[in-house]
Amino acid sequence: MISLTEDRRMLGYESLGSYPDIIHFVTTRQGGCSEGAYASFNCSPFSDDDPQRVSLNQERLMEGLRQRPRELVIPHQVHDTRVFSIDKEYIAASPQQKRKLLEGIDALITREPGYCLCISTADCVPVLLYDRKLRAIAAIHAGWRGTVEGIVTRTLQQMQQLYGTEGSEVIACIGPSISLDSFEVGEEVVEAFRAKGYDITRIARRNKLTGKQHIDLWEANRQQLLTFGVPAAHVEVAGICTFARHEEFFSARRLGIHSGRILSGILIADTDK
């Protein structure tokens with residue numbers, strides 16, 4: 001990944017960085033004002049962090065972007081597969097209505113410029129998508145439950161239905177999250193993937209020392225992209241394990257659920273600004 005700021009509080013993807021009409025970022029733990037398990041650059045409002053510190057961190061985030069977003073759209077994720085479109089109806093809604101619309105949402109899509117689609121993670125997989133032909137974007141939260149249920153596929157299908165997206169035009173980025181080596185799971189998790197038709201030989205491995213199963217969420221989500229028709233060359237995998245590198249990135253398995261979150265965001269540049 002590339003650094004977007006000198007203090008490395010925000011990183012980016014090389015593949016998305018080559019498109020001037022797209023602005024994106026992935027936050028680290030550096031350069032913020034939060035404390036304790038939220039230290040220091042926690043931008044998620046759903047983490048039990050001090051709301052004032054979260055607001056200050058969000059302000060610093062927006063100041064560091066090439067263009068200030070009209071809004072940071074941050075859903076309240078629930079490890080489900082609901083995909084929500086940021087459209088004219090959402091834009092016209094009141095702040096209270098927007099909060100209700102974003103409740104229980106784990107993936108966002110839009111073609112509206114200036115609205116930054118955000119996903120919060122701390123070991124789960126953040127996926128950013130860009131349809132370079134139709135200028136449509138998506139931000140996806142893919143924990144193991146969402147991955148099992150094919151949230152990446154569902155998001156692409158929704159983009160296809162609403163915008164006409166084809167896999168061949170999609171640039172996809174799989175962000176910092178827990179790796180195969182670190183993601184130890186029970187047999188029931190492996191069976192859940194098997195029951196949904198995943199090739200277990202490609203995404204699961206048993207640790208010879210512990211006898212425990214491990215799941216590769218990066219590969220499971222990459223396979224969904226490839227199956228939809230996204231070229232392998234269009235898929236960028238950060239390859240950063242949040243569990244192993246918890247001093248740089250938030251990891252719920254290391255820090256507990258009452259800790260900070262990585263914020264991954266993507267927006268279409270607003271030509272009116």
Side-chain angles (χ1 to χ4, degrees), residues 1-2 4-5 9-27 43-45 55 57-77 82-102 105-120 126-141 152 154-175 225 230 234 236 262-273:
M1 299 187 75
I2 58 176
L4 301 180
T5 57
R9 71 179 183 274
M10 289 190 289
L11 304 180
Y13 300 100
E14 291 187 11
S15 55
L16 287 177
S18 62
Y19 294 93
D21 56 339
I22 289 296
I23 300 168
H24 77 287
F25 61 84
V26 177
T27 64
C43 296
S44 172
S55 294
N57 287 336
Q58 289 181 355
E59 182 61 30
R60 184 153 198 205
L61 184 156
M62 290 189 285
E63 288 175 352
L65 297 177
R66 175 161 50 89
Q67 183 181 103
R68 186 181 180 89
R70 297 187 181 207
E71 182 181 329
L72 293 177
V73 185
I74 308 176
H76 185 205
Q77 303 156 193
R82 288 181 60 201
V83 182
F84 184 74
S85 173
I86 302 303
D87 54 16
K88 301 295 186 186
E89 182 179 352
Y90 171 86
I91 292 170
S94 68
Q96 294 80 8
Q97 290 171 326
K98 286 181 177 180
R99 281 194 292 270
K100 289 182 179 179
L101 290 170
L102 295 174
I105 300 299
D106 282 85
L108 297 168
I109 62 176
T110 196
R111 290 186 68 191
E112 295 292 336
Y115 287 84
C116 186
L117 309 186
C118 298
I119 288 297
S120 308
V127 183
L128 300 182
L129 306 178
Y130 172 49
D131 180 335
R132 60 185 183 176
K133 180 179 180 180
L134 301 174
R135 297 186 76 233
I137 56 174
I140 307 166
H141 165 245
V152 168
R154 291 171 186 246
T155 303
L156 285 163
Q157 289 172 340
Q158 189 79 346
M159 292 176 72
Q160 187 173 63
Q161 180 180 342
L162 291 181
Y163 314 134
T165 292
E166 295 296 335
S168 59
E169 295 296 338
V170 172
I171 305 298
C173 297
I174 296 174
L225 292 163
V230 180
H234 289 191
E236 181 177 347
I262 299 163
L263 200 69
S264 298
I266 184 168
L267 69 148
I268 303 164
D270 195 338
T271 56
D272 291 337
K273 288 191 174 183

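In terms of the side-chain hydrogen bond (donor to acceptor under 3.5 Å, both in side chains) criterion, residue partners of Thr165 (sequence neighbours excluded) are, by chain and number, Asp131. For Leu72, the side chain to side chain contact (heavy atoms under 4.5 Å, CB included) partners two or more places apart in sequence, or in a different chain, are Gln58, Leu61, Met62, Pro69, Ile74, Cys116, Cys118. Partners of Glu169 according to the salt bridge (charged side-chain N to carboxylate O under 4.0 Å, His left out) rule, which considers only residues two or more places apart in sequence or in another chain, are Arg132. The side-chain hydrogen bond (donor to acceptor under 3.5 Å, both in side chains) search around Asp21 returns Tyr130, Arg135, not counting sequence neighbours. For Glu59, the side-chain hydrogen bond (donor to acceptor under 3.5 Å, both in side chains) partners at least two apart in sequence or on another chain are Arg68. Remark: Gln161 engages Gln158 in a side chain to side chain contact (heavy atoms under 4.5 Å, CB included) (not counting sequence neighbours).
Within a 6.0 Å radius of CD in Gln96, other residues, nucleotides and ligands contribute more than 12 heavy atoms. Residue-environment remark: CD (Glu63) exceeds the threshold of 12 foreign heavy atoms within 6.0 Å.
Put simply, the side chain of Gln67 never gets that close to the backbone of Ile23: no donor and acceptor are under 3.5 Å apart. Between the side chain of Glu236 and the backbone N or O of Ser15, at least one donor-acceptor pair lies under 3.5 Å. Judged purely by atom type and a 3.5 angstrom limit, Arg66 uses its side chain to pair as donor or acceptor with the backbone of Ile22. With hydrogens and angles disregarded, no donor-acceptor distance shorter than 3.5 Å links the side chain of Glu112 to the backbone of Ile86. Remark: the backbone N or O of Val26 is not paired with any side-chain donor or acceptor of Ser264 at under 3.5 angstrom. For His24 (side chain) and Tyr13 (main-chain N/O), a donor-acceptor pair under 3.5 Å exists by modelled atom type.
Once rounded to the nearest 0.5 Å, the distance linking CD of Gln97 with CG of Leu102 reads 12.0 Å. Taken to the nearest 0.5 Å, the CD1 atom of Ile119 stands 11.5 Å off from the CD1 atom of Ile266. Atoms CD and OH, from Glu71 and Tyr90 in turn, are 3.5 Å apart once rounded to the nearest 0.5 Å. The line from CG of Leu16 to CE of Met1 is 9.0 Å long, rounded to the nearest 0.5 Å. To the nearest 0.5 Å, the span separating CZ on Arg82 from OG1 on Thr155 amounts to 12.5 Å. Taken to the nearest 0.5 Å, the CD1 atom of Ile262 stands 11.0 Å off from the OG atom of Ser44.
Contact record, His234 with Ser168: CE1-O, 3.3 Å, taken as the closest heavy-atom pair. Closest approach of Leu129 and Ala172 over heavy atoms only: CD2-CB, 3.5 Å. Taking each heavy atom of Tyr115 and Ile91 in turn, the nearest pair found is OH-CG2, 3.1 Å. Among all heavy-atom pairs drawn from Val127 and Val152, the shortest one is CG2-CG2, 4.2 Å. Smallest separation of non-hydrogen atoms from Met159 and Ala138: SD-CB, 3.8 Å. Between Ala136 and Arg111, the shortest heavy-atom distance links the atoms CB-CG, 3.6 Å.
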Notebook entry, point to check: Does the side chain to side chain contact (heavy atoms under 4.5 Å, CB included) test come out yes or no for Ile140 and Asp106, once each step is laid out?
Noted result: CA-CA 6 Å; Ile140 307 166; Asp106 282 85; over 6 Å; no
- Check the pair Leu117 / Ile137 against side chain to side chain contact (heavy atoms under 4.5 Å, CB included), numbers first and verdict last. CA-CA 8 Å; Leu117 309 186; Ile137 56 174; 3.8 Å; yes
Problem set entry | Working for side chain to side chain contact (heavy atoms under 4.5 Å, CB included), residues Phe25 and Leu11 | CA-CA 6 Å; Phe25 61 84; Leu11 304 180; over 6 Å; no
**Request:** List the steps, then state whether side chain to side chain contact (heavy atoms under 4.5 Å, CB included) holds for Lys133 with Glu166.
**Result:** CA-CA 9 Å; Lys133 180 179 180 180; Glu166 295 296 335; over 6 Å; no
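For the pair Gln77 and Ser120, the minimum side-chain heavy-atom distance is below 4.5 Å.
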